[in-house]
Novice: 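I'd like to ask some things about the structure below.
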Amino acid sequence: MAIDIRKFITRFVEEARDHIRQLSAGITELGRGGASHDTINALFRSAHTIKGSARMLKLLPITETAFQVEEVLGKLRDTSLTYTPTLGPLLQQAIDQLATLVDVLASTGDPSSLPAADTAMVAALMQASTGVAPATLTPPTAPTDNAEQSAAPAPTPPPAAVAVTEPRLATTDTVRVRLTKLDELIKLMGEVVSSHVRLQQRQADLRVLEHAAAQHDAALAQQLRRFAHTLKDDVQAQAMLMNELHDKTLAMRMLPLAIVFEPAAHLVRDLGRSVGKQIDCTVRGADIELDRQMIDRLTDPFIHLIRNAVDHGIEPPELRAARGKPAVGTLTLSASQDGNWVLLEVSDDGGGIPLDQVRDKAIKKGFVSPDKAAALSDRGLIDLIFLPGLSTNHIITDLSGRGVGMDVVKECVLNELHGIISVDTRAGVGTTFSLRLPLSLAMMRMLLVEVRGLPFAINAQYVGELLRLPTEDLMLVAGRQAVIIRNEFVPVVRLAELLAIPPERIPAPVQGTSTDTNLLMLVLRVDNQALAVCVDELLDEHDMVIKPLPAHLKHLPMLSGMVLTGHNELASVLHAPALLDAARQARGESVRAEATSHHQGDVSAYHVLVVDDSLNTREIERDVLQAYGYQVTLAEDGLDGLNKALANDFDAVLTDVEMPHMDGFTLTARLRQEAKYQTKPIIIITSREKEEDKRRGIQVGADAYIVKGDFDRSNLVDTLKSLLG
């Protein structure tokens, strides 16, 4: 598809005028004899930039003139040419010619309107770059009858006509601002918006006074009520104007991701050639905009991911040919927007992450014990690649092998960019690294909660829903409390316990705590995982500025920053992905402890397939079974379960009912048609409680039907042990 260069003309004109001003000032300084080597370098770079940009836009007259100016300045830079009094005027005349051409382009916006380059000017510059004194550019004189003159060389042809306009003050509809000044403006605007929270808090204080006055003085209460209504209107009007101002200010710093993607595409090809691989780079969504602050911090993680894809991911041509793949590998950089988030993906069509090598290297490095490594799921093994010092490369190269990189990526994405990183890998097919990032770090929507008298903030983007449930609705699953939300096991943790806040901080029982019959829960969702955290009280929800953590708190993984509340208190910002990791680790330890205390013999020979579209449910069931010694393979839906069951020989199958692509009833019936699964135990675990569902489960061939509401550790383990004999 042809590129319409017209939309780039305005940007080129702005940049060219800046460089022309620098060139003009620099040439004047050269004439005064005060130009340093750095000044000449800067002049050369300006001419080079004009030439390169004009060449990309096919602006041939500007390209030709700027190229010859660059040649002369290049010779001055490497001292092969010495500045002379005749060279300065020639260069200045060439700069003026460039300015005229740029003005013509600015007035018409049409590259075809540019006149041809001044051939006499170009010739004089070419002559000057060789060290020969340039000829003076004057209009040719009329020939005479003098024989000597008739024998003289033909005069240089006159320069091509250039449109001459009446001198006037040229203006532009854009203004260049230093990025540091823009950053200061946005930071100040964010603080103004954040401080508005305190004004809203004053409204709440006024309502309390109004209520108190109503008890003693009706007239005073009426006056306070009128004042409160007026103040409310003023605050709302100010909030609307302030939010609009903040949005427009932030939009000034938004830039397209092409700034990252396009250089990255060149980097991919260069790195591929350096290691003997042919790699095509495909870019998608480069026009999506992201805050410049985010883009600056994103550069290093992107380079790490690209280096790993080129060195680790995509195979050498001969290995690809042996595997039936095209010799040319493909690396895809893509971006898509989801509300206030941007999803960035780096995908390769290589061999996938060698999980066995990851396990062996982690054991060799002492990161995990052999027993623990054997029990790790594929997801757990993938998480190991983010450990510092772990690399599967057998040798150290310029690209990778030092075990430095992926830990930096995770640290940057989670702690600096407040995002999420996930990995999807398939052996022989390829690997995709997904980065889910906020559009900007300037302001973020926060939920303020209270836990044992302390305020905490959680990014609202991670909060899927709020629930208030009676304690009797909780169930014990895998040794930990859980609740069923739309056919999904969601672990429940008390935030006070997860953060190890001492109970003596509670001044008095408050609503929502363990002393109350109802629990207030925030359901956090990160990727496909969910966690319900119990809090004492929901305080407020606001757009807030996240302040960096002080040095003595930066080592705490569950904290990602600080915010200022309406009461002028500092509240810690909790990092949702870290909360989920901590809860999952606690659950695993609890399950292993219970399994040790209820050891029921060696069942490591049994291999069980767990099929469920909920990641939480799959992992809970896997944790329970692995804690008791079973080998477990996970499938994310009915069709995936069928394919894995046919490709392997499992001793038992656990399946949900409601799943995409193929439900559990259909999966069970299909497996019973296979000879190797006609007698193998199949257990249905679902939230469907109706008798007709249970009858249908038995009819299609299930050996047991467990309702998720009745699920507990012993129920599953005892049932499976009984069926396996």
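No experiment lies behind these values; they were computed from the predicted model shown.
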Novice: Please step through side chain to side chain contact (heavy atoms under 4.5 Å, CB included) for the pair Arg307 and Val310, ending with a clear verdict.
Specialist: CA-CA 5 Å; Arg307 287 179 179 273; Val310 171; 6.0 Å; no

Novice: Which residues pass the ring-ring contact (aromatic ring centres under 6.0 Å, His included) test with Phe261, sequence neighbours left out?
Specialist: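 Partners of Phe261 by the ring-ring contact (aromatic ring centres under 6.0 Å, His included) criterion, ordered by chain and then number, come out as Phe302.
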
Novice: Would a distance-only check, ignoring hydrogens and angles, find a side-chain to backbone donor-acceptor pair under 3.5 Å from Lys325 to Gly428?
Specialist: yes

Novice: Would a distance-only check, ignoring hydrogens and angles, find a side-chain to backbone donor-acceptor pair under 3.5 Å from Asp536 to Arg452?
Specialist: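 Checking the backbone N and O of Arg452 against the side chain of Asp536, a donor-acceptor pair under 3.5 Å is found.
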
Novice: Would a 4.5 Å heavy-atom cut-off, applied to side chains only, mark Leu344 and Val260 as touching?
Specialist: no

Novice: Going from CD on Gln481 to CG on Leu519, what distance comes out if it is rounded to the nearest 0.5 angstrom?
Specialist: 7.5 Å

Novice: Between atom CE of Met521 and atom CZ of Arg468, what is the distance when rounded to the nearest 0.5 Å?
Specialist: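 Answer rounded to 0.5 Å: 10.0 Å.
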
Novice: Is there side-chain contact between Asn308 and Val409, with at least one heavy-atom pair below 4.5 Å?
Specialist: no

Novice: As an exercise, state the distance from CG of Leu381 to CD1 of Ile353, rounded to the nearest 0.5 Å.
Specialist: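 Rounded to the nearest 0.5 Å, the CG-CD1 separation comes out at 10.0 Å.
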
Novice: Which atom pair, heavy atoms only, marks the closest approach of Cys281 to Arg269?
Specialist: CB-NH1, 4.4 Å

Novice: Indicate yes or no: at least one non-hydrogen side-chain atom of His661 is less than 4.5 angstrom from one of Met659.
Specialist: no

Novice: Once side chain to side chain contact (heavy atoms under 4.5 Å, CB included) is applied, do any residues pair with Glu569, and if so which ones, sequence neighbours excluded?
Specialist: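 Once residues adjacent in sequence are excluded, the partners of Glu569 under the side chain to side chain contact (heavy atoms under 4.5 Å, CB included) criterion are Pro455, Thr565, His567.
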
Novice: With rounding to the nearest 0.5 Å, note down the distance linking CD1 in Ile279 to CG in Leu331.
Specialist: 7.0 Å

Novice: Mind checking side chain to side chain contact (heavy atoms under 4.5 Å, CB included) for Leu499 and listing every partner two or more places apart, or none if nothing turns up?
Specialist: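 Only Phe456, Leu495, Ile501, Met558, Leu574, Leu579 meet the side chain to side chain contact (heavy atoms under 4.5 Å, CB included) criterion with Leu499.
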
Novice: Who are the salt bridge (charged side-chain N to carboxylate O under 4.0 Å, His left out) partners of Asp656, not counting sequence neighbours?
Specialist: Lys708

Novice: I'd like to check the salt bridge (charged side-chain N to carboxylate O under 4.0 Å, His left out) partners of Asp287; sequence neighbours left out, ordered by chain and number.
Specialist: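 Not a single residue meets the salt bridge (charged side-chain N to carboxylate O under 4.0 Å, His left out) criterion with Asp287.
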
Novice: Taking the side chain from Arg494 and the backbone from Cys534, do they hold a donor-acceptor pair closer than 3.5 Å?
Specialist: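 Side chain of Arg494 to backbone of Cys534: no pair is present.
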
Novice: For residues 335-355, which residue pairs pass the salt bridge (Lys or Arg N to Asp or Glu O under 4.0 Å) check, not counting sequence neighbours?
Specialist: Arg320-Asp349, Asp338-Arg436

Novice: Tell me the closest heavy-atom pair linking Leu498 and Ala583, and the distance in Å.
Specialist: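 That closest heavy-atom pairing would be CD1-N, 4.1 Å.
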
Novice: Specify the closest pair of heavy atoms between Leu609 and Ala635, including all atoms of both residues, with the distance to one decimal.
Specialist: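 Shortest heavy-atom separation between Leu609 and Ala635 comes out as CD1-CB, 4.2 Å.
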
Novice: Donor-acceptor check, side chain of Glu450 to backbone of Glu537, threshold 3.5 angstrom: yes or no?
Specialist: no

Novice: Enter the distance from Leu437:CG to Asp291:CG here, rounded to the nearest 0.5 Å.
Specialist: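 Output value for this atom pair is 11.5 Å.
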
Novice: Taking all heavy atoms of Gly561 and all of Ile546, pick out the closest pair and write down the distance.
Specialist: CA-CG2, 4.0 Å

Novice: Please check: side-chain N/O of Thr617 versus main-chain N/O of Phe489, any donor-acceptor pairing under 3.5 Å?
Specialist: yes

Novice: Suppose we screen for side chain to side chain contact (heavy atoms under 4.5 Å, CB included). Which residues come up paired with Ile363, at least two apart in sequence or across chains?
Specialist: Arg359, Val368, Pro370, Ala373

Novice: Could you give the side-chain donor-acceptor pairs of residues 458-467 under 3.5 Å, partners two or more places apart or in another chain?
Specialist:
| residue | atom | partner | partner atom | Å |
| --- | --- | --- | --- | --- |
| Asn459 | OD1 | Gln461 | N | 3.0 |
| Gln461 | OE1 | Trp341 | NE1 | 2.5 |
| Tyr462 | OH | His418 | O | 3.4 |
| Glu465 | OE2 | Arg486 | NH2 | 2.6 |

Novice: Taking side chain as C-beta onward, heavy atoms only, is Val483 less than 4.5 Å from Val523?
Specialist: no

Novice: Before giving the answer on side chain to side chain contact (heavy atoms under 4.5 Å, CB included), spell out for Leu524 and Val526 the whole-Å C-alpha distance, their side-chain angles and the decisive distance to 0.1 Å.
Specialist: CA-CA 7 Å; Leu524 307 180; Val526 179; 5.5 Å; no

Novice: Does the side chain of Met294 come within less than 4.5 Å of Leu417's, by heavy atoms?
Specialist: yes

Novice: Begin with the C-alpha distance, continue with both residues' side-chain angles, and end with the deciding distance and a verdict on side chain to side chain contact (heavy atoms under 4.5 Å, CB included) for Val493 and Val533.
Specialist: CA-CA 5 Å; Val493 297; Val533 295; 3.7 Å; yes

Novice: With sequence neighbours left out, which residue pairs that include part of residues 270-280 fulfil the salt bridge (Lys or Arg N to Asp or Glu O under 4.0 Å) condition?
Specialist: Asp270-Arg273

Novice: Going by the salt bridge (Lys or Arg N to Asp or Glu O under 4.0 Å) test, which pairs reach into residues 423-434, not counting sequence neighbours?
Specialist: none

Novice: Taking only residues two or more places apart in sequence, or in another chain, which ones meet Asp581 in a salt bridge (charged side-chain N to carboxylate O under 4.0 Å, His left out)?
Specialist: Arg584

Novice: Would you indicate whether the side-chain heavy atoms of Val423 and Phe433 approach each other to under 4.5 Å?
Specialist: yes

Novice: Can you tell if the side chain of Ile421 reaches within under 4.5 Å of the side chain of Lys410, non-hydrogen atoms only?
Specialist: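 Yes - at least one pair of side-chain heavy atoms lies under 4.5 Å apart.
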
Novice: Are the side chains of Val346 and Leu333 in contact, using a 4.5 Å heavy-atom criterion?
Specialist: yes

Novice: Does Lys644 have any salt bridge (charged side-chain N to carboxylate O under 4.0 Å, His left out) partners at least two apart in sequence or in another chain, and if so, which?
Specialist: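 Once residues adjacent in sequence are excluded, the partners of Lys644 under the salt bridge (charged side-chain N to carboxylate O under 4.0 Å, His left out) criterion are Asp640.
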
Novice: Which heavy atom of Asp637 sits nearest to which heavy atom of Val611, and what is that distance?
Specialist: O-CG1, 3.3 Å

Novice: Could you report the tightest heavy-atom contact between Leu439 and Glu289, atom names first, then the distance?
Specialist: CD2-O, 3.8 Å

Novice: Any chance you could lay out the side chain to side chain contact (heavy atoms under 4.5 Å, CB included) test for Leu564 and Leu570, step after step, and finish with the verdict?
Specialist: CA-CA 5 Å; Leu564 201 61; Leu570 280 175; 3.9 Å; yes

Novice: CE of Met406 to CD1 of Ile385: how many Å apart, nearest 0.5 Å?
Specialist: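 Result: 4.5 Å between the selected atoms.
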
